[in-house]
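First up is the structure itself, then whatever we jot down about it.
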Amino acid sequence: MPQWLCHQMMKAYFRKDRRQIKLLNECWFFYRNSAESRNETNS
């Protein structure tokens, strides 16, 4: 997980900001899935 995303997640959890947590979680899954698909095409 990128460091900037990790920091944003920690802030959102600390503030109990459900909307931000949900948004960042979706960003992480999108990032992870796109990174995996790029690795599969490069193999």
Side-chain angles (χ1 to χ4, degrees):
M1 179 181 291
Q3 197 64 35
W4 65 269
L5 186 57
C6 191
H7 285 287
Q8 291 291 320
M9 283 288 251
M10 287 192 301
K11 284 181 188 177
Y13 275 102
F14 181 71
R15 291 187 214 142
K16 296 178 174 65
D17 186 351
R18 287 184 170 180
R19 188 183 60 83
Q20 187 74 4
I21 292 167
K22 192 172 182 179
L23 176 71
L24 291 167
N25 195 36
E26 289 175 6
C27 288
W28 166 239
F29 280 104
F30 177 79
Y31 175 85
R32 195 181 73 179
N33 289 340
S34 64
E36 285 177 2
S37 66
R38 271 186 267 129
N39 287 340
E40 288 175 1
T41 58
N42 290 340
S43 296

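- Taking SG of C27 as the reference point, atom CD of Q20 lies at 8.5 Å (rounded to 0.5 Å).
- Every residue two or more places apart in sequence or in another chain that forms a ring-ring contact (aromatic ring centres under 6.0 Å, His included) with Y31 is listed here: W28.
- Under the side chain to side chain contact (heavy atoms under 4.5 Å, CB included) criterion, F30 pairs with no residue, sequence neighbours left out.
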What donor-acceptor contacts under 3.5 angstrom involve side-chain atoms of residues 1-11, with partners at least two apart or in another chain?
unit_1: Q3; atom_1: NE2; unit_2: H7; atom_2: NE2; d: 3.2

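- In this structure, the side chain of N33 engages the main chain of F29 through a donor-acceptor pair within 3.5 Å.
- Checked against side chain to side chain contact (heavy atoms under 4.5 Å, CB included), E26 has the following partners two or more places apart in sequence or in another chain: K22.
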